[in-house]
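Everything below concerns the one structure shown next.
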Amino acid sequence: MSVPFFDITRQNKVVQAQIDSALKSVVDSGRYILGSNVAELEKEFAAYVGTKFAVGVASGTDALHLALRACVIQAGDEVLLPTFTFVATAEAIAYCGARPVFVDIETSSFNIDPSALAAKLTSKTKAILPVHLYGQAASMESIMSFAKQHNLKVIEDCAQSTGATFNGQQTGAFGDAGCFSFFPTKNLGCFGDGGMITTNDEKVAEEIKVLRMHGSRKTYYHDIIGYNSRLDELQAAILRVKLPLLNNYIKARRKNAEHYYQILKDLKSVSLPLETSKAQHTYNQFTLRVDKRNQLAEFLKAKGIPSMVYYPLSLHQQKPFLSGEHYSVSEKAQSEVLSLPIFPELTTEELKAVSSAVKEFYTK
Ligand SMILES: *Cc1c(COP(=O)(O)O)cnc(C)c1O
């Protein structure tokens with residue numbers, strides 16, 4: 001049996017008629033840039049996350065970059081971030097001329113280790129950029145109190161965590177800004193690139209609107225060097241169809257995770273993701289720690305079952321950020337992690353094929 005790692009077309013089919021008519025109405029309107037769909041989605045998304053404002057931008061990477069800019073992160077500044085994340089988290093800091101300062105992660109959650117922050121603090125530290133990796137919130141209580149104590153901005157990377165909560169509050173509602181991605185594989189995906197920034201700070205929201213529009217407040221008058229970074233009307237129209245279904249998508253991901261917990265819980269060579277009572281997991285990825293990771297991946301592949309390694313190399317070991325430093329928890333994780341298919345529309349048959357193959361590898 002061949003199982004897809006991810007297939008967004010299954011999700012699309014359920015809402016095909018609504019998407020078709022939403023797209024047609026955008027096409028017919030002739031308004032393709034910053035029209036009513038983006039404006040309405042911004043209101044709906046802010047209401048979902050529980051922030052006062054949301055601003056649509058061209059991607060999750062741009063969301064991080066523009067949020068850092070709006071929080072006045074600039075050349076000479078240092079920003080703390082986990083070394084175990086997608087490269088965009090660090091790129092966005094570098095785009096501002098600031099220095100990404102890596103911090104090791106917690107073994108249990110794969111997220112930035114709050115107890116490792118203090119050792120990295122200098123007089124140049126201006127912000128913390130926690131990532132809610134795999135769809136589970138970082139330890140936001142500790143991070144927010146550390147930030148408050150040292151007068152640091154907090155910019156959350158919510159690219160993988162749309163819909164995740166910590167103590168009942170949505171990720172993206174804790175810091176000065178929350179940065180979301182609508183890349184197709186994320187919890188809420190569109191048909192291309194798209195992103196959103198949430199904030200309770202009106203000045204930050206206004207500054208991002210200026211930055212996304214060539215530094216302009218008034219048409220053809222430019223106050224600063226900005227960017228061309230807008231969420232498309234067509235993407236916003238699709239996202240408005242899917243946002244009301246996001247909680248169902250997350251429920252389905254959690255149900256799929258439940259299957260894996262049931263079948264794999266007794267395997268000694270497999271550590272399952274740990275969900276705490278505070279940080280509700282959305283399972284954007286279902287990531288195991290395993291012995292003989294590469295052999296397992298090969299074994300699964302031969303059976304038509306795909307898996308992915310997020311991420312094979314920590315950022316402090318990537319060419320643009322090489323430092324010679326070591327982060328032992330992150331380096332251990334990169335050699336052990338393996339993500340299984342978890343998207344909401346997987347069938348029971350497919351889930352069984354995946355879980356029984358993993359089980360077979362360790363019990364054969
Ligand atoms: C996907 C992702 C991004 C970037 O989002 P794009 O929309 O692809 O630009 C940033 N950070 C993390 C952790 C991601 O997973």
Side-chain angles (χ1 to χ4, degrees), residues 5-6 8 38 41 45 54-69 79-96 100 102-103 105 109-112 127-138 140 143 154-164 171-172 175 177-198 208 211-212 227-232 235-236 238-239 242 253 279 281-287 308-316 318 320-321 330 333-334 337 339 342-343:
F5 190 77
F6 178 77
I8 202 173
V38 170
L41 178 69
F45 198 79
V55 184
V57 293
S59 69
T61 305
D62 279 8
L64 290 162
H65 178 203
L66 269 51
L68 287 161
R69 289 288 306 262
V79 178
L80 305 175
L81 78 160
T83 184
F84 197 63
T85 177
F86 182 55
V87 69
T89 319
E91 282 177 322
I93 297 165
Y95 295 160
C96 299
F102 298 116
V103 177
I105 55 167
S109 71
F110 301 100
N111 283 322
I112 194 165
I128 311 175
L129 209 174
V131 180
H132 308 302
L133 202 73
Y134 302 148
Q136 188 178 35
M140 291 313 289
I143 292 166
V154 175
I155 293 101
E156 298 172 68
D157 184 337
C158 309
Q160 298 181 13
S161 72
T162 312
T171 59
C179 305
F180 294 83
S181 166
F182 303 128
F183 187 82
T185 61
K186 311 292 175 158
N187 289 346
L188 179 65
C190 64
F191 291 5
D193 282 306
M196 187 76 81
I197 298 152
T198 52
I208 292 164
L211 285 167
R212 76 175 172 183
Y227 303 90
N228 175 350
S229 182
R230 283 126 2 182
L231 178 63
D232 284 340
Q235 302 299 351
I238 293 161
L239 290 162
K242 291 197 173 190
R253 287 177 180 277
H281 212 314
T282 60
Y283 300 104
N284 182 247
Q285 299 299 342
F286 190 87
T287 304
M308 296 287 283
V309 175
Y310 302 108
Y311 297 93
L313 203 56
S314 302
L315 294 188
H316 67 277
Q318 301 277 1
F321 307 110
S330 185
Q334 74 195 23
V337 290
S339 300
I342 190 74
F343 67 97

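All ligand and atom numbering here is 1-based and tracks the order in the structure. Along the sequence shown, residues are numbered consecutively beginning with 1.
- Of the N or O atoms in Thr85, none lie within a sub-3.5 Å distance of an N or O in ligand 1.
- From the protein, the heavy atom lying nearest to atom 14 (C) of ligand 1 is Lys186 NZ, 3.1 Å.
- The shortest distance between side-chain heavy atoms of Asp193 and Phe183 falls below 4.5 Å.
- Looking at atom 9 (O) of ligand 1, its nearest protein heavy atom turns out to be Thr61 OG1, 2.5 Å.
- The nearest protein atom to atom 11 (N) of ligand 1, hydrogens excluded, is given as Asp157 OD2, 2.8 Å; this is a heavy-atom distance.
- For Ser181, a nitrogen or oxygen atom sits less than 3.5 Å from a nitrogen or oxygen atom of ligand 1, counting backbone and side chain alike.
- Here the options are Ile208, Leu211, Leu231, the test is side-chain contact (heavy atoms from CB on, under 4.5 Å), and the partner is Val57; only Ile208 passes.
- Side-chain contact between Leu81 and Phe102 is present, with heavy atoms from C-beta onward closer than 4.5 Å.
- The shortest N or O to N or O distance between Ala88 and ligand 1 is not under 3.5 Å.
- Shown in contact with Gly60 at under 4.0 Å from a heavy atom are these atoms of ligand 1, numbered in order with element: 5 (O), 6 (P), 7 (O), 9 (O).
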Query raised in the report: Do Thr171 and Glu156 pass the side-chain hydrogen bond (donor to acceptor under 3.5 Å, both in side chains) test, and can you show the C-alpha distance, the side-chain angles, and the key distance before you say yes or no?
Result: CA-CA 8 Å; Thr171 59; Glu156 298 172 68; 5.1 Å; no
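- Under 4.0 Å from ligand 1, not a single heavy atom of Asp62 appears.
- A centroid separation of 6.0 Å or more is found between the aromatic rings of Tyr310 and Phe110.
- In this structure, Gln160 contributes its side chain and Leu133 its backbone to no donor-acceptor pair below 3.5 Å.
- In terms of modelled atom types and a separation under 3.5 Å, the side chain of Thr282 and the main chain of Gly135 share a donor-acceptor contact.
- Ligand 1 places these atoms under 4.0 Å from at least one heavy atom of Val131: 13 (C).
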